[in-house]
Amino acid sequence: MSVRTRFAPSPTGFLHIGGVRTALFNWLFARQLGGQFLLRIDDTDAGRNVQEALQPILDGFRWLGIDWDEGPEVGGPYGPYYQSQRLPQYQSAVKVLLEKGLAYRDFATPEELKAEREQAEKEKKAFLYSRKWMAETDEQAARFAAEGRQGVVRLKIPREGQCKFSDHVRGECVFEWSREQDHVIQRADGTCLYHLASVVDDFDFKISHVIRAEEHLSNTPRQIFILQGLGYPQPEYAHLPFVAEPGSHNKLSKRKIAQYLKNPEFKRLYDSGVEIMTRMGKGNLSADTFNPVIVDFYREVGYLPSAILNYLMLLGWSLDDKTEDLTVEEMIRHFTLARVTKAPASFDPKKLWSFQDRHMQKLDVKKKVAAMIPFLQAAKLLPQPVPCEVGPKLTRIIDAAGDRLKVMGDILNYSDFFFVKEEDFLYDETDFAKRVSPPQSKDLLEKFRAVLAGMQDFEVGPLEEALKKFIEAEHIKIGDIVHTLRVAVTGKSVGPGVYDCLALLGKVVCLKRIDKALAK
RNA sequence: GUCCCCAUCGUCUAGUGGCCCAGGACCCCGGGUUCUCAGUCCGGUAACAGGGGUUCAAAUCCCCUUGGGGAUACCA
């Protein structure tokens with residue numbers, strides 16, 4: 001039988017980082033074994049705008065390179081893949097269970113149930129429904145209905161014995177049937193509940209391995225009861241520990257974003273993203289849709305999908321005692337359920353940052369150029385379409401900026417002065433006051449301007465040579481002139497090497513800006 | 001409350017009875033290199049939750065305690 005795994009997002013409007021980790025493990029597992037990975041949409045209670053709320057999730061997966069063989073937008077032989085469109089399948093499964101006596105119609109009111117529950121609590125006993133309003137025959141049902149009661153369908157869970165199953169992460173699991181409730185599988189209005197739907201879907205989609213978050217571990221017995229009742233084969237199970245909040249073992253939640261922003265490291269990551277967005281004129285952001293718990297954040301700011309995947313993979317999984325960096329191909333090759341950790345792992349923004357850093361360092365310049373152009377365009381530093389001479393120039397700029405570019409959006413921090421029109425060129429006032437304003441700085445700048453003006457070959461090598469000669473002649477240290485020079489031509493004190501800046505700016509622009517600085 | 005799961009540096013982890021007075025990575029702290037920043041190089045701090053067993057030997061096995069999480073919904 002071929003390996004088939006699935007991930008079942010509900011259309012919430014955004015892709016959560018913890019969900020990606022679960023999806024990633026499913027995807028890696030299927031890809032390694034040459035199987036299929038599919039997406040099923042849990043939209044049973046979402047109502048309208050499903051498509052709208054689903055789009056960011058699909059976009060997120062596509063951006064990350066997690067592709068699905070069956071599901072929304074790609075279809076597949078076992079569809080529909082939306083739970084909201086599968087009610088007939090669920091209802092016929094309920095009918096089978098009813099016919100086999102493995103489920104029953106129940107007419108208890110919520111109040112009656114609540115009373116039983118409270119009674120059990122008072123006696124410090126585990127609650128177990130008395131089945132007082134259980135209708136096993138049509139007559140009983142009719143009698144209850146005549147009283148105006150609404151009927152639901154419940155599972156008739158055995159009250160003795162054990163449910164045993166094996167889990168790839170947890171090992172052998174044993175649960176007492178007597179601890180299970182007679183869970184409702186169908187509401188009075190005929191709609192069905194998650195556990196039933198999930199089991200039916202997994203069977204219809206021929207899912208071989210159910211790889212999901214550990215919160216479903218204790219739901220597994222009731223699902224096994226359903227699938228056995230339906231005569232389905234049992235899939236393999238693997239329950240993954242969840243991704244926890246930064247610095248705690250609580251499950252990472254999209255609702256607690258405000259709280260996470262109080263974490264300094266999380267905040268820093270967030271702020272760096274906001275800064276880049278602001279430069280692109282997208283500054284008015286809501287933390288509900290733009291923050292480091294949501295995948296869109298990383299796409300917008302220009303992270304590398306491979307870095308995120310690499311980080312997420314090592315959250316609850318390891319290859320050995322030293323391997324950290326893996327390409328996507330290596331992830332697929334090495335992944336194994338047996339090496340998944342049992343304890344929850346907390347999300348560490350700084351560590352993610354360090355993966356991004358290393359993946360970026362290994363990335364080919366050509367790819368950086370292609371990826372950074374849209375950022376420059378969004379910040380209105382480059383026109384659309386891009387003039388052909390920009391390619392080589394941008395390549396040199398990116399080379400010069402080197403490892404300073406941590407994310408694609410960083411190009412805006414290191415290259416604006418290369419692209420800005422002369423009339424829009426501005427100085428950072430603090431840097432200018434410190435590095436250019438002092439009279440001795442201006443003197444040196446003026447003298448060095450003359451040297452630059454006399455140069456023919458305005459390239460890195462000759463520029464460096466000229467500057468070295470200059471400091472020797474003036475009996476100064478390199479630091480006495482280089483900072484002044486940098487601020488004069490780039491407007492700020494931080495950036496690529498000065499010789500690179502000078503050469504890339506070109507003689508005309510450099511002289512113009514030095515004059516502007518001297519006149520200021 | 002009841003049932004189930006989990007527990008190694010601040011964080012992610014290696015460790016499946018002797019190779020571990022516990023290894024790697026991130027962070028942090030020193031120092032070298034460099035025109036700034038970034039990077040890079042060298043070095044450092046830092047953990048087996050606690051208590052009982054079992055064993056010649058325990059981070060590793062067992063029990064208890066503690067702490068955290070999950071399930072107990074006509075949520076998914």
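This one's a predicted model, so the numbers in the text were calculated from it and none came from an experiment. All chains are named by letter (A, B, ...) in the order of the sequence lines, taking the proteins before the strands, and each is independently numbered beginning at 1.
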request  = Let me know, please, whether A:C192 or A:R339 comes out on the 5' side of the other along RNA chain B by nearest nucleotide.
outcome  = A:R339

Check nucleotides 42-45 of chain B for protein N or O atoms closer than 3.5 Å to its own N or O atoms and list the pairs.
none

ask   = If the P atom of B:rC74 is compared with that of B:rU16, how far apart are they to the nearest Å?
value =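 Straight-line distance between the two P atoms is 46 Å.
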
Sequence neighbours excluded, which residues qualify as side-chain hydrogen bond (donor to acceptor under 3.5 Å, both in side chains) partners of [X]?
{"X": "A:S354", "value": "A:R358"}
{"X": "A:N310", "value": "A:H359"}
{"X": "A:R6", "value": "A:D202"}

Does [X] have any salt bridge (Lys or Arg N to Asp or Glu O under 4.0 Å) partners at least two apart in sequence or in another chain, and if so, which?
{"X": "A:E121", "result": "none"}
{"X": "A:K125", "result": "A:E123"}
{"X": "A:R159", "result": "A:D182"}
{"X": "A:R486", "result": "none"}

Would you classify [X] as touching base, sugar-phosphate or nothing, given that sugar-phosphate means primed atoms plus P, OP1 and OP2, and contacts are heavy atoms under 4.0 Å?
{"X": "A:G495", "result": "base"}
{"X": "A:R486", "result": "base"}
{"X": "A:Q186", "result": "nothing"}

request  = Assess whether one donor atom and one acceptor atom, taken from the side chain of A:H195 and the base of B:rA76, lie less than 3.5 Å apart.
outcome  = yes

ask   = What pairs meet the salt bridge (Lys or Arg N to Asp or Glu O under 4.0 Å) rule with one or both residues in residues 148-158 of chain A, with sequence neighbours excluded?
value =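 For residues 148-158 of chain A: A:D106-A:R154, A:E112-A:R149, A:E136-A:K156, A:E147-A:R149.
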
key: Members of residues 404-417 of chain A that approach RNA chain B, where some heavy atom sits under 4.0 Å away   =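 Of all residues in residues 404-417 of chain A, the ones placing a heavy atom under 4.0 Å from RNA chain B are A:R404, A:K406.
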
request  = Keeping to residues at least two apart or across chains, list the side-chain hydrogen bond (donor to acceptor under 3.5 Å, both in side chains) pairs with something in residues 339-351 of chain A.
outcome  = A:S318-A:R339

message = Whole angstroms only, please: what is the NZ-P distance between A:K322 and B:rA14?
response =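 These atoms are roughly 13 Å apart.
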
Which pairs, protein N/O on one side and nucleotides 5-12 of chain B N/O on the other, fall under 3.5 Å?
residue: B:rC5; atom: O2'; partner: A:R170; partner atom: NH1; Å: 2.6
residue: B:rU11; atom: O3'; partner: A:S346; partner atom: OG; Å: 2.9
residue: B:rC12; atom: OP1; partner: A:S346; partner atom: N; Å: 3.0
residue: B:rC12; atom: OP1; partner: A:S346; partner atom: OG; Å: 3.4
residue: B:rC12; atom: O2'; partner: A:L314; partner atom: O; Å: 2.8
residue: B:rC12; atom: O2; partner: A:K351; partner atom: NZ; Å: 3.4

